[in-house]
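Each remark here refers to the structure printed beneath this line.
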Amino acid sequence: MNDATPAVEIRDLHKHFGRLEVLKGISLTARPGDVVAVIGGSGSGKSTMLRCINMLETPSAGEIAIHGEAYAMRRTRGGLEPADRKQLQRIRAQLGMVFQNFNLWPHRTVLGNVIEVPVQVLGMPRDEAVARARQVLDRVGLAEKEDAYPAHMSGGQQQRCAIARVLAVEPLAMLFDEPTSALDPELVGEVLNVIRDLAAEKRTMILVTHEMGFARDVASHVVYLKDGRIEEQGPPEQLFGDPHSPHLQQFIRSIA
Amino acid sequence: MPDIDIVTPIRPTPALPLRSRLAPLLMPHRLVMAGLALAALAAIITKMDWSWLPGYLPKIGHGLLVTLALLASSVAAGFALALPLGAVQVTGPAPLRWLANGFCTVIRGTPLLLQLWLIYYGLGALFAQFPEIRGSWLWPYLRQAWPYGFLTLTLSFAAYQGEVIRGAFAGVPRGELEAARAFGMPRLMVFRRVWFPRAVHRALPTLAGEIILQLKATPLVATITVTDLYAVITRVRQATYLTYEPLLLLIAIYLCLSGTLTLALRWLEGRVPSGR
């Protein structure tokens, strides 16, 4: 497929939990190489939106397409649900997700965590997976740690391992769900540096973050969510330099 | 934010030098207590009647083997049964969940002795009524007592351990399972690669305690004529008219067994990579 096919496309996404409507019609496109930063106050729906992209949350209405392929959905009482399990698993395997709480598998070593998906899900031969894993671990600065267990590492190291786990599957797009929010302040930098390097390589990313300075540096496109709607979006210079929405102006002031 | 600290690395506590580990044992009151214990032991050995012991050693050895075999086999089979019992209670369809839950509740809520007798006298008598069973190759085993002891102990262990496993399954952090799903793992693979090993891992520390409890439950099989260690000692008491000596020996053997088991399981636990 050509480069014009969006890596991630969200059309009129709605999500409600019971009677609470969290997303009220969001449309968003990330082209290959885009780094989209999603900012907004807590409860604005930014994590929910991100989790809809790989169907960890199922949308109530709307359509999501990954690299031009829309999820096959079927109607249920409350909304939608994935209709094609095989397709869901195949698409998910192409989307790497980095979680706020790392969510590494603690019974496996660093290397075990990184080769798990390539070997088990993608069916890559083990030797090849190990070789690749060593490359990506080197990229995130964990080459020495491959035999360590997650419990024996710092939060920053664990999150870098989680990033390596994503890199190992060569994802079409990487989803970051507040990757530094659970880290001690002195460990935030090492994780952001890794993400910054990846952004410089033109990897497609959608990044939910509270780190405004980082979003401004790294993002090619910034989206401000307010009460389940996109209130304002645009290039970072415009959004941070000359925000139109009064809410966004206030949000940026409150963060700074 | 998680309420557990998942950021700070766990470091093993450094071993103290031998000298400072021994120091607390050398305090005066402890020395007195140790002296008294040694005196008691000496009195037990010299003043009591142990002349019967050499003659009964082979029988005691055999009883010990029976006890250990019952313990090991019922723990292994019970654990194997507990895994599906626990898993089904967390993920299974409603009827299976109720069934497993009911089984655990009934077994855990009634005395083991009662179960043993019900199975031995009830099932044993029932089997005997069917010529098909009496004629089958199984009958030479089914007419003995130990299969019923084994079955009862297994069911009991499965029920208690099943409850532990249920908790272990429920306690695996959702995020770890979510990560597996987010990477496109099919449900069965999530179970096989993440949920199941993590649950077993979490259940292991309690296993040691349950095995000790199981060891202490084994003497009940003596009531259905299985000659385990306890049954042998009872026979010694009947034959020698001695009350205390055989019982003291029994205590010493059970203490040694549970002590050895505790140490062995602690060692095993230390070898399994930790992670919460």
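Naming convention: chains lettered A, B, ... in sequence-line order (proteins, then strands); numbering from 1 in each chain.
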Is A:V98 close to chain B through its backbone or its side chain, or both, or neither, when contacts mean heavy atoms under 4.5 Å? neither

Under 6.0 Å from the ring centre and within 45 degrees of the ring axis: does the NZ or CZ of B:R187 meet both conditions for the six-membered ring of B:W195? no

Evaluation steps, ring-ring contact (aromatic ring centres under 6.0 Å, His included), between B:F169 and B:F191: CA-CA 10 Å; B:F169 270 109; B:F191 184 80; 5.7 Å; yes

Check this for me: does any side-chain nitrogen of one of A:R139 and A:E201 sit under 4.0 Å from a carboxylate oxygen of the other? yes

Flag for A:E190-A:Q157: side-chain donor and acceptor within less than 3.5 Å: no

If I measure from the heavy atoms of chain A, does B:M185 come under 4.5 Å with its side chain, its backbone, both, or neither? both

Winner by heavy-atom pair count (cut-off under 4.5 Å) against chain B, out of A:R90, A:M97, A:E116: A:E116

Contacting moiety of A:L88, where chain B heavy atoms sit under 4.5 Å: neither

CA sep, side-chain torsions, deciding dist, call: A:T180, A:Q159, side-chain hydrogen bond (donor to acceptor under 3.5 Å, both in side chains): CA-CA 8 Å; A:T180 57; A:Q159 193 61 301; over 6 Å; no

Is B:R174 in contact with chain A via its backbone, its side chain, both, or neither, using a 4.5 Å heavy-atom distance? neither

